[in-house]
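Written below as structure tokens is the structure these notes are about.
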Amino acid sequence: MIPFLSTQLIFSQNYTVEVQKVLGLYENIITDIEQDIKGFIWVSGSKYLTKYNNQDFVNYSKEDLLLKPQHVAISATSDAQGDIWFFPSNDIIIHILNTKNNKTYTLKEKFPNLPFLESDIINKPYRDQLYNIYISVKNKGLYKYDGKELKLFRKIIEKNDRAISFISTEKYNWYAYNQTIIKQNKDNLFEEIIKTDIEVTELNVFNNEPVLVIHAFANSYDKFTAKYLKGDNSISVFPDLQLQSDNFSDLTFFQKTSTNHYWINEKESLKKIDKNKNVVYTIRKSDYPFGKRFKRFFVDKNDIIWILTETSLYKVILKNKKFKKYLDGFSLKSMFKRDSNLYITTFYHGVKKFISNDKIVQFKNLPENDSFIGTFQEKDTLWITRYSQVLKYNFKTNKIVVYNKTIKPSPKSRDLASIIRHPKTKSIFIGNSFYFTQLDEQEKTVAIAHHLDKYIDEEERSEINVRCLKVYGDSLWIGTAKGLFLMNHQEKITRAYTPKNGFPKDLIIQHIYIENDTTFWLGTQGQGLVKWNRLKNTFTNYTTKEGLSNNNVYGVFKDPYGFLWLPTDYGLNRFAPKTLKNNVFLPDEISHQEFNHLSNFIDKEGTMHLGGLNGLNVFHPKDFLSIENKEFNLLLTNVRTTYEDNTITEDKTISTTDVIELNSNIKNTELEVLLLDFKNNLPLQYQYKITPFHENYVVANKNRITLPRKLEKGNYQLLVKAQSSNGSWSQLKTPIKINNSGSDHYLFKLAILFCIVLLGSGSLFMIQKKRKNNKVAFKTEFKPTEPEPTEPLKIATVPDTKENEWLAHLNTTIIHHLDSNNFSVEFLAEKMEMSERQLQRRVKKNINTTPNRYITEVRLKEAFRLLETKQVSSVKEVSKKVGYTTSEYFSKLFKNKYGKNPSDYL
């Protein structure tokens, strides 16, 4: 069963509180909640147990649990093996669910030599932080199960008919029952007996100090107080707080978080306090859907608060609000500061003026309904680009001068963007998706600049794609799709770094951060982050494989603490290049997951302003120095095996200690892994590496890993890691062992090869001739043509050739994975069961192109089919379906091929 989450956001001055109601539980009565040692959440009902992994539920009925009809209100706890101990509230009878084989055992079946009668068990068992189980037994004492054996942990000399509470601090063990407390020195085992006037409810720990929880008054039922266990135990731990429990069987008064804070349960609220007892945050119960129906709370390993009512389960996530968000609903572009005010250009809403007191107004001296892109401001003059023109605005006179373009053909000259003045010659240059342009102040025109012609082939000069202009002393760096160029103080190109001299091919540079004269960081379109050593002309590429959330990097900004901030099409990254640790910020922490090109500004104090599709994010990097990269538990959850006769088996009880066997009878083996990150619905990505088959990690298809069929006979290890959406990486604690006992398909291949050799030179000649015809057919496919019929994409074929069967398989594989953001040549090679080099050679041999270009061709043809058959309703939708993260880039490619914009077909 798949859970549904109903989400409510509450904002306070310093925090965002996200409340999600978990829908889809098996029963509408909830009695208990537990998190096992692996990280799964277990929910108890009146007659059921449910295992929750943040994606779906596994339900265990009363028949599965061997419960009797009269048993109700199940409580549960988990041991060090991950098994679940459960028991009904109206009967002290303990059952144990073995989570490996999903079978239920009685306590006597689990422990045949049980040293006590089950009828002598007092109250329900409980566990400590190490998942040791403790059972109180009448007139005998406290028993402990550590996952291996059950034995007497603490013998009680006097008779006891109340449960024994146990805690451990740095120097002492503490035991409490009835009105007696035993303080035991860990070193010499010396014991001190302490008597109380009121019966002990429980022992707890606050700041490593033992705390006694008792009723506030002798006759009180739901009001409790916590006191220090010292010489005088009358000292209240929380003098200003009143502990509350609405259900005596669920005595959860206060719980510690992983950051040494504590959550305190009061009648009207939950309060988060620090170790000095200062209230950090208050959750007023009446402000949330659970309200007065609040029953109990539970804080899990990742500080998520789970709240139970009689009928509902809620997940509460408290996020420190470090981002300030403005201009909700506006898509933003470039920014500049003048007279302490920040000016921001927008799409279709002119220019916004951000006043220092957080007040934002419309700058009415420029057209209010226009889209402005790039800006360059000097003294009283503002130069500003829009799709069709450049405007010159004077702040003192409010005069506007319009500069029109003279570029032809006009369809390739619309989007003027980045604009800058040369620091020495004072010429103004403007970036364009197709050309490098220059403004003529006397003629009031914008024309093509020819400075780069010498270094770019003539047929490529109309697709330079200049997205970045960077002042460098008295020179200018020009970042393009055809390379990186340095223009000196005389407007001469003195350095040209292109694919001809080792610069990476197809690298569209969107932003340049110059760390020093040697080290340049390049934000690119679709190729992630690139570190360029200018002296050695070497390149290091950081993509989603290295932990980035997205490969479309709009900017690179280094803070004083060594982190690189990278706005992308999927969140804001805080990347540490030395350790590869990465934090990813997504809505609702930021205003929108997609940022915009040129939309950034950093003030003198280091405060960053980053704009995107839905507003402005303002923050200072120092506020993020305390971020912890928490690791979540990564588990192997299923192995699905398909045999040659097409029968399928699934093993959901397999563990990483088991060996996966491969042989000639197995057609396909698929593994499912799962990252238990309850803060987010899905992790960013999974990666795997089979050693020694793979040299590098491979991006998985969601959370599924298909083992290659062409593994040679032998033993292998499968390494798996996953990245959550906060950027942290988790690995399988134990590599998965794979044993391939071998098969006869290699002998079969050798026999086929021998037969081919015997065919003789005449047969080889005929095969070569067919290949030539095949090449001609595919070359014809790549010529820009009029739109084709709306049938699903097919490749040109010559009948009865193995190469065309392989090409058909290639084509089908590409179409099947088109909508994957992680789709790449490496991914395709993995699916085709060959190396990247083999794939490149075979594609080149058959269709005389590269895999990248062929993938693009397939994507565009499929996009055209979807558009003409009206299967999509927007450009954004079709671009996403065929695997493009930005509709702008997709539209450019589409128009180049078909001569029309994709929007013309909607």
(request) Specify the closest pair of heavy atoms between His261 and Val280, including all atoms of both residues, with the distance to one decimal. (result) CD2-CG2, 3.7 Å
(message) Take a 6.0 Å sphere around CD1 of Ile157 and say whether it holds more than 12 heavy atoms from other residues, nucleotides or ligands.
(response) no
(message) Could you tell me if the side chain of Leu635 sits less than 4.5 Å from the side chain of Leu676, heavy atoms only?
(response) yes
(request) Dump the intermediate steps for salt bridge (charged side-chain N to carboxylate O under 4.0 Å, His left out) on Asp187 and Lys171, then the final yes or no. (result) CA-CA 8 Å; Asp187 294 330; Lys171 296 181 179 181; over 6 Å; no
(request) Give, for atom CD1 of Ile93 and atom OG1 of Thr106, the distance between the pair rounded to the nearest 0.5 Å. (result) 7.5 Å
(message) To the closest 0.5 Å, what do you measure between CG (Asp83) and OG1 (Thr104)?
(response) 10.0 Å
(message) Looking at Asp658 and Lys737, is there a salt bridge between them, counting it only when a charged N and a carboxylate O are closer than 4.0 Å?
(response) no
(message) For the NZ atom on Lys689, are there more than 12 heavy atoms of other groups (residues, nucleotides or ligands in this structure) within a distance under 6.0 Å?
(response) yes
(request) Write down the atom of Asp146, the atom of Ala80, and the distance for their closest heavy-atom approach. (result) O-CB, 3.7 Å
(message) Test your reading of the model: is there a side-chain donor-acceptor pair from Asn302 to the backbone of Ile304, 3.5 Å cut-off?
(response) no
(message) Is a donor from one side chain sitting under 3.5 angstrom from an acceptor on the other, for Asn739 and Glu661?
(response) yes
(message) Could you tell me if Asn102 and Tyr60 have a donor-acceptor pair between their side chains, going purely by distance under 3.5 Å?
(response) yes
(request) Please state whether the rings of Phe238 and Phe206 are parallel, tilted or perpendicular, taking 30° and 60° as the class boundaries. (result) perpendicular
(message) Can you tell me how far apart CD1 (Ile29) and CG (Leu308) are? Round to the nearest 0.5 Å.
(response) 12.5 Å
(message) Heavy-atom count check: over 12 atoms from other residues, nucleotides or ligands less than 6.0 Å from Glu170 CD?
(response) no
(request) For atom CD of Glu149, decide whether the heavy atoms of other residues, nucleotides or ligands shown that lie under 6.0 angstrom number more than 12. (result) yes
(message) Under a 3.5 Å distance rule, please check whether Tyr131 uses its side chain to pair with a backbone N or O of Gly82 as donor and acceptor.
(response) no
(message) Show the nearest heavy-atom pair for residues Thr31 and Ser46, with the distance to one decimal.
(response) CG2-N, 4.3 Å
(request) Test the Lys51-Phe40 pair against the cation-pi criterion, namely NZ or CZ under 6.0 angstrom from the six-membered ring centroid and within 45° of the ring axis. (result) yes
(message) Does any part of the side chain of Leu114, heavy atoms only, come nearer than 4.5 Å to the side chain of Leu150, both counted from C-beta?
(response) yes
(request) Could you check Phe290, Phe294, Tyr288 and say which one makes a ring-ring contact (aromatic ring centres under 6.0 Å, His included) with Tyr314? (result) Phe290
(message) Donor-acceptor check, side chain of Lys108 to backbone of Glu118, threshold 3.5 angstrom: yes or no?
(response) no
(message) What I'd like to find out is whether the side chain of Tyr48 reaches to under 4.5 Å of the side chain of Leu67, using heavy atoms alone.
(response) no
(request) Report yes if the side chains of Ile264 and Leu270 come closer than 4.5 Å at any heavy-atom pair, otherwise no. (result) no
(message) To the closest 0.5 Å, what do you measure between CG (Asn90) and NZ (Lys68)?
(response) 11.0 Å
(request) Provide the full list of ring-ring contact (aromatic ring centres under 6.0 Å, His included) pairs with a residue in residues 134-166, sequence neighbours left out, each pair given once. (result) Trp85-Tyr145, Phe111-Tyr145, Phe116-Tyr143, Tyr126-Tyr134, Tyr134-Phe153, Tyr134-Phe166, Phe153-Phe166, Phe166-Tyr175
(message) Within this structure, what is the CG-CD1 distance for the pair Leu212 and Ile194, rounded to the nearest 0.5 Å?
(response) 9.0 Å
(request) Identify the heavy atoms of Gln35 and Gly39 that sit nearest to each other, and give their distance. (result) NE2-O, 3.1 Å
(request) Please determine if Lys272 forms a cation-pi arrangement with Tyr281, meaning its NZ or CZ atom is less than 6.0 Å from the six-membered ring centre and no more than 45° off the ring axis. (result) no
(message) Distance alone, cut at 3.5 Å: any donor-acceptor contact between the side chains of Thr50 and Asn59?
(response) yes
(message) Are Ile273 and Asn278 packed together at the side-chain level, in the sense that at least one heavy-atom pair is separated by less than 4.5 angstrom?
(response) no
(message) Working to the nearest 0.5 angstrom, can you tell me the gap between Ser168 OG and Lys186 NZ?
(response) 2.5 Å
(message) Less than 4.0 angstrom from a charged side-chain N to a carboxylate O is my criterion; do Glu266 and Lys271 meet it?
(response) yes
(message) Taking Glu672's backbone N and O only, do any of them form a donor-acceptor pair with Thr637's side chain (distance below 3.5 Å, no angle check)?
(response) yes
(message) Would the distance check show the side chain of Lys144 and the main-chain N or O of Ile135 forming a donor-acceptor pair, the cut-off being under 3.5 Å?
(response) no
(request) Would you check if the side chain of Lys301 reaches a backbone N or O of Ile37 as a donor-acceptor pair within less than 3.5 Å? (result) yes
(request) Would you please say whether a donor-acceptor pair under 3.5 Å links the side chains of Asn265 and Lys285? (result) yes
(message) For a quick test of reading the model, state the closest non-hydrogen atom pair linking Ala163 to Asn123 and the distance between them.
(response) CB-CB, 4.0 Å
(request) State whether the side chain of His71 and the backbone N or O of Pro69 hold a donor-acceptor pair below 3.5 Å, judged by distance alone. (result) no
(request) Measure across Ile156 and Gly141 and return the closest heavy-atom pair with its distance rounded to 0.1 Å. (result) CG1-CA, 3.7 Å
(request) Tell me whether the guanidinium CZ or amine NZ of Lys721 lies under 6.0 angstrom from the six-membered ring centre of Trp729 and within 45° of its axis. (result) yes
(request) With sequence neighbours excluded, tell me which residues meet side chain to side chain contact (heavy atoms under 4.5 Å, CB included) with Glu209. (result) Tyr228, Lys230
(message) With side-chain contact (heavy atoms from CB on, under 4.5 Å) as the criterion, how do Thr257 and Tyr262 come out once you've worked through the C-alpha distance, each side chain's angles and the decisive distance to 0.1 Å?
(response) CA-CA 6 Å; Thr257 72; Tyr262 293 82; over 6 Å; no
(message) Treating Glu34 as the side-chain partner and Trp42 as the backbone partner, does any N or O pair qualify as donor plus acceptor under 3.5 Å?
(response) no
(message) I'd like to know if Arg154 and Glu191 make a salt bridge, using a cut-off of under 4.0 Å between side-chain N and carboxylate O.
(response) yes
(request) With the side chain counted from C-beta on, respond yes when Ile305 and Trp263 share a heavy-atom pair under 4.5 Å apart, and no when they do not. (result) yes
(request) Evaluate the side-chain proximity of Phe86 to Thr77: yes if any heavy-atom separation is below 4.5 Å, no if none is. (result) no
(request) Tell me yes or no: between the side chains of Gln179 and Glu199, is some donor less than 3.5 Å from an acceptor? (result) no
(request) State, without any angle test, whether Asn54 and Lys315 hold a side-chain donor-acceptor pair at a distance under 3.5 Å. (result) yes
(message) Looking only at side-chain N and O atoms, does Lys195 offer a donor or acceptor that is under 3.5 Å from a partner on Thr180?
(response) yes
(message) What verdict does the side-chain contact (heavy atoms from CB on, under 4.5 Å) test give for Leu107 and Ile121, after you've listed the backbone C-alpha separation in whole Å, the side-chain angles of each residue and the deciding distance to 0.1 Å?
(response) CA-CA 11 Å; Leu107 196 61; Ile121 296 175; 3.9 Å; yes
(message) Determine whether a donor-acceptor pair (N or O, by modelled atom type, separation under 3.5 Å) exists between the side chain of Lys256 and the backbone of Asn260.
(response) no
(message) Are the side chains of Leu675 and Ser730 in contact, using a 4.5 Å heavy-atom criterion?
(response) yes
(message) If the test is side chain to side chain contact (heavy atoms under 4.5 Å, CB included), which one of Asn638, Leu707, Val720, Thr641 qualifies with Leu671?
(response) Leu707
(message) Quick check on Lys652: does its NZ atom have over 12 non-hydrogen neighbours (other residues, nucleotides or ligands) under 6.0 Å away?
(response) no
(request) Look at Arg284 together with Glu268 and state whether they make a salt bridge at an N to O cut-off of under 4.0 Å. (result) no
(message) Testing the 3.5 Å rule here: is there a donor-acceptor pair between the side chains of Thr653 and Asn101?
(response) no
